[in-house]
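Working notes, structure below.
These values consider heavy atoms only, across backbone and side chains, with no hydrogens, waters or symmetry-generated copies.
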Amino acid sequence: MSFKRLKMQLVKLRLLLIPLFVVGGLLVHHWVPAQAQADDTLRLLYWQAPTLLNPHLSTGTKDFEASRLVYEPLASFDARGEMVPFLAAEIPSIENGGVAEDLSSVTWKLKSGVTWADGEPFTADDVVFTYEYISNPEVGAITSEYYTDIASVEALDPTTVKITFKEPTVAWFVPFVGTNGMIIPKHIFETYNGPNSREAPANLAPIGTGPYITEDVKPGDVIVYVANENFREEGKPFFKRVELKGGGDATSAARAVLQTGDADYAWNTQVEAAVLTQLEATGIGRIVPKPGPNMERIVINFSDPNVERDGQRSHKDVPHPFLTDLNVRKALSLAMDRQTIADQLYGVAGTPTNDYVLSPENLRANAPWEFNLEEAAKLLDEAGWVDSNNNGIRDKDGVEMRMVFQTSVNPVRQKTQEIIKQDLGKIGIDLELKSIDASIFFDSEPNNPDNLGHFYADLQMYTTGNDNPDPTGYMRRYICEEIAQKENNWSSANDSRYCNPAYDAMYAELVAMTDPDARDEQVKKMNNFLTVEDVAVIPLIDRASPAAAANSIEGIDLTPWDLEPWNIKDWTRKS
């Protein structure tokens, strides 16, 4: 069923990163896979090296990507908006009785005869357990935001699962679907369903129902997968072996596929447009655009990163000395030269935006933005931030307007940082630029003070977006309850420490809405509140996520609503 059709149906019914400062250019071009010449080996490059293979404990997309070769959801959405079953036998609908007419529940029928890679049967109990694991606060699952609207998950029989929601919802397809819906085995994880969740050996040796199983895992370096002998589709996957090399930088990864042929596929080749075009001209590989909702943004820290309380900096109860001032945040947004960043660094792969939600298209708010340093300076003057001691930096009550601005190592991001630093310097704001190796910045380890969850800086920059056609979970990222702190292992999604009861109230209204058109308008209203009225986040670029693939690799079918290896069982090498 297409998402568009689904909406029409519902409308009709009316129910409806160790501090590390690294310059890119790592080892990718020196990597020689053990099976480099074997046609049955697929060579992947992820310049952000995976470090964890449990998608429910990971904050980095790289880890979700690496997990997706092993784990599967009940279903997913393809690029055309069609729901595709994985572990489900069929897609539920009101017509087939799977979705309750009042939208209070959804019942999934599971495929029969599916086994885990170790031969144990996959049953409805595994789906129930996955919910119990994700919703257990002691586990600290990063995916829990997508399961908060559930009242219960029941196994009606070994191949039937019923999900009952707290309130009727049009978004019945969010739990257990797509990126955040991967099912984990009860018999492997049931003794780690608590505060010991991160001690599970399976976090680095996963047993899934997917087409591959890991043979060798070196976190931050190489993962070797081999075909799952118990995979249910005869003859698949086509590649017997997959070698995933992590680390390096986006340019080296693109070069390895498009110029030297050292790899078959490179994820997220965020490279300056001119460089990518030049590399593609060699003719041995191609750029594969991934459509989607990804937005490069400036995340604002509403807490003070320089004051420690209860063993942590950026404590939610210690306000930032000036980023809690709305005029200051408005000035920052006005000082972002989005057009220059897009033109000089992204080319056709990026356009300026001030929208938090980019996709589906009907949810775009087209929020206004402008680059106006004069108006930004005026706002700062009005807020009392002036250069009182003539040192070139604005100050107020003895506090100087100096900030640490961090992001991952990436040539495009470092050049974006330079553009922003120059512009903010013109209006008396001093930026210290910090670049952290991607494997550390996007790491979810609770003891890593340099990951984005700890946010021990004033500003940080990265890309993400809603990973489901329904953005409810994505909008949840800015409610007070989701603030990342020590007590939740910094695993919650609100790394900004933003808390505004007005936004929380709008979110509660969105969750309760069943009219699709009203929900669309509510998302746009919340979008404008976040980016224009309260400037809780500063969107920069609506960016594509181009991958690079060897011309010999066929079957790649990227979708905005799942991870890039989602259909890797169908990838093959052209003879």
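No side-chain donor from either of Asp443 and Asn451 sits under 3.5 Å from a side-chain acceptor of the other. For Gln414 and Asn410, the side-chain atoms include no donor-acceptor pair closer than 3.5 Å. A donor and an acceptor atom, one from each side chain of Asp495 and Gln460, are located under 3.5 Å apart.
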Would Thr472 and Arg519 satisfy side-chain hydrogen bond (donor to acceptor under 3.5 Å, both in side chains), going step by step from the backbone distance to the final call? CA-CA 9 Å; Thr472 304; Arg519 285 174 61 86; 2.8 Å; yes
For side-chain hydrogen bond (donor to acceptor under 3.5 Å, both in side chains), just list the numbers for Asn136 and Glu132, CA-CA rounded to whole Å, side-chain angles, deciding distance to a tenth of an Å, and then say yes or no. CA-CA 6 Å; Asn136 183 350; Glu132 293 171 345; over 6 Å; no
*Where do Ser545 and Asn294 land on the side-chain hydrogen bond (donor to acceptor under 3.5 Å, both in side chains) test, with the steps shown first?*
CA-CA 8 Å; Ser545 296; Asn294 287 335; 2.9 Å; yes
Determine whether Arg338 and Ser333 satisfy the following criterion, side-chain hydrogen bond (donor to acceptor under 3.5 Å, both in side chains), listing intermediate values before the conclusion.
CA-CA 10 Å; Arg338 296 168 173 85; Ser333 184; 3.1 Å; yes
Which atom pairs, donor and acceptor, lie under 3.5 Å between side-chain atoms of residues 373-385 and protein residues at least two apart or in another chain?
residue: Asp381; atom: OD1; partner: Arg394; partner atom: NH1; Å: 2.7

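Residues satisfying the salt bridge (Lys or Arg N to Asp or Glu O under 4.0 Å) test with Asp562, not counting sequence neighbours, are Arg68. By the side chain to side chain donor-acceptor pair (under 3.5 Å) test, Asn466 is found to be paired with no residue, residues two or more places apart in sequence or in another chain being considered. Residues satisfying the salt bridge (Lys or Arg N to Asp or Glu O under 4.0 Å) test with Asp423, not counting sequence neighbours, are Lys426. With sequence neighbours excluded, the residues satisfying salt bridge (Lys or Arg N to Asp or Glu O under 4.0 Å) with Lys524 are Glu521. Legend: residues meeting side chain to side chain donor-acceptor pair (under 3.5 Å) with Glu481, ordered by chain and number and at least two apart, are Arg476. Not a single side chain to side chain donor-acceptor pair (under 3.5 Å) links Thr269 to another residue, sequence neighbours left out. Legend: residues meeting side chain to side chain donor-acceptor pair (under 3.5 Å) with Glu400, ordered by chain and number and at least two apart, are Asn389, Asn391, Arg402. Under the rule for a side-chain contact (heavy atoms from CB on, under 4.5 Å), Ala512 has no partner lying at least two apart in sequence or in another chain. Taking Tyr147 as the reference, Phe176 meet the ring-ring contact (aromatic ring centres under 6.0 Å, His included) condition, with sequence neighbours excluded. Residues forming a salt bridge (Lys or Arg N to Asp or Glu O under 4.0 Å) with Asp325 (at least two apart in sequence, or on another chain): none.
Put simply, CE on Met461 and OG on Ser408 are 7.5 Å apart, with the number rounded to the nearest 0.5 Å. Rounded to the nearest 0.5 angstrom, Tyr456 OH and Asn448 CG are separated by 10.0 Å. For the atom pair CD of Glu361 and CG of Leu363, the computed distance is 9.5 Å after rounding to the nearest 0.5 Å. Here the OH-CG distance, from Tyr498 to Leu530, works out to 6.0 Å after rounding to the nearest 0.5 Å. Taking CG from Asp458 and CG from Asn306, the interatomic distance works out to 6.0 Å, rounded to the nearest 0.5 Å. Considering CG of Asn447 and NE2 of His454, their distance stands at 7.0 Å, rounded to 0.5 Å.
Looking at Thr353, its side chain does come within 3.5 Å of a backbone N or O of Asp355 through a donor-acceptor pair. Side-chain atoms of Asn301 come within 3.5 Å of backbone N or O of Ala457 as a donor-acceptor pair. Checked by atom type and distance alone, the side chain of Ser105 never pairs as donor or acceptor with a backbone atom of Thr164 at under 3.5 Å. Using a distance-only test at 3.5 Å, with no hydrogens or angles considered, a donor-acceptor pair links the side chain of Thr130 to the main chain of Ile184. Of the possible polar contacts, none joining the Asn488 side chain to the Gly140 backbone as a donor-acceptor pair under 3.5 Å is found.
We find that Arg297 and Asp542 are not joined by a salt bridge, their nearest charged nitrogen and carboxylate oxygen being 4.0 Å or further apart. A salt bridge links Asp450 with Lys434; the closest basic N to acidic carboxylate O contact falls under 4.0 Å. One finds no salt bridge joining Glu482 and Arg477 here, because no Lys/Arg side-chain nitrogen approaches an Asp/Glu carboxylate oxygen to under 4.0 Å.
When every heavy atom of Pro175 is checked against every heavy atom of Phe165, the shortest pair comes out as CG-CE2, 4.0 Å. Between Leu53 and Ala66, the shortest heavy-atom contact is CD2-CB, 3.4 Å. Closest heavy-atom contact between Glu65 and Tyr46: OE1-OH, 2.8 Å. Between Val399 and Pro321, the closest heavy-atom pair is CG1-CB, 4.2 Å. The nearest pair of heavy atoms linking Ile300 to Arg329 is CD1-CD, 3.9 Å. Heavy-atom minimum distance, Arg413 versus Glu296: NE-OE2, 2.7 Å.
For Glu167, the CD atom is loosely surrounded, since the number of other residues' heavy atoms within 6.0 Å does not exceed 12.
In summary, the aromatic rings of Phe173 and Phe77 are positioned with their centroids under 6.0 Å apart. Under the 6.0 Å cut-off for aromatic ring centres, Tyr192 and Tyr133 do not qualify, their centroids lying 6.0 Å or more apart. For an aromatic pair to be called close, the ring centres must be under 6.0 Å apart, and Phe189 with Phe129 fails this.
In this structure, the side chains of Gln485 and Arg497 come closer than 4.5 Å at one or more pairs of heavy atoms. Here the side chains of Thr143 and Phe64 are in contact, with some heavy-atom distance below 4.5 Å. At a threshold of 4.5 Å between non-hydrogen side-chain atoms, the residues Leu563 and Asp467 do not count as touching. You'll find the side chain of Arg313 stays beyond 4.5 Å of the side chain of Phe455, heavy atoms only. Tyr71 places none of its side-chain heavy atoms less than 4.5 Å from the side chain of Asn54. In this structure, the side chains of Val511 and Thr169 stay at 4.5 Å or more apart for every pair of heavy atoms. Side-chain contact between Asn494 and Ile479 is absent, with no heavy-atom pair separated by less than 4.5 Å. A heavy-atom distance below 4.5 Å is found between the side chains of Pro446 and Arg198.
The aromatic rings of Tyr503 and Phe529 sit parallel, their planes meeting at an angle under 30°, below the 60° perpendicular limit.
The disulfide bond (SG atoms under 2.5 Å apart) analysis of residues 440-533, with sequence neighbours excluded, yields the pairs Cys480-Cys499.
For the side-chain contact (heavy atoms from CB on, under 4.5 Å) with Met336, the qualifying choice from Thr416, Leu540, Asn354, Ile341 is Leu540, the only one to do so.
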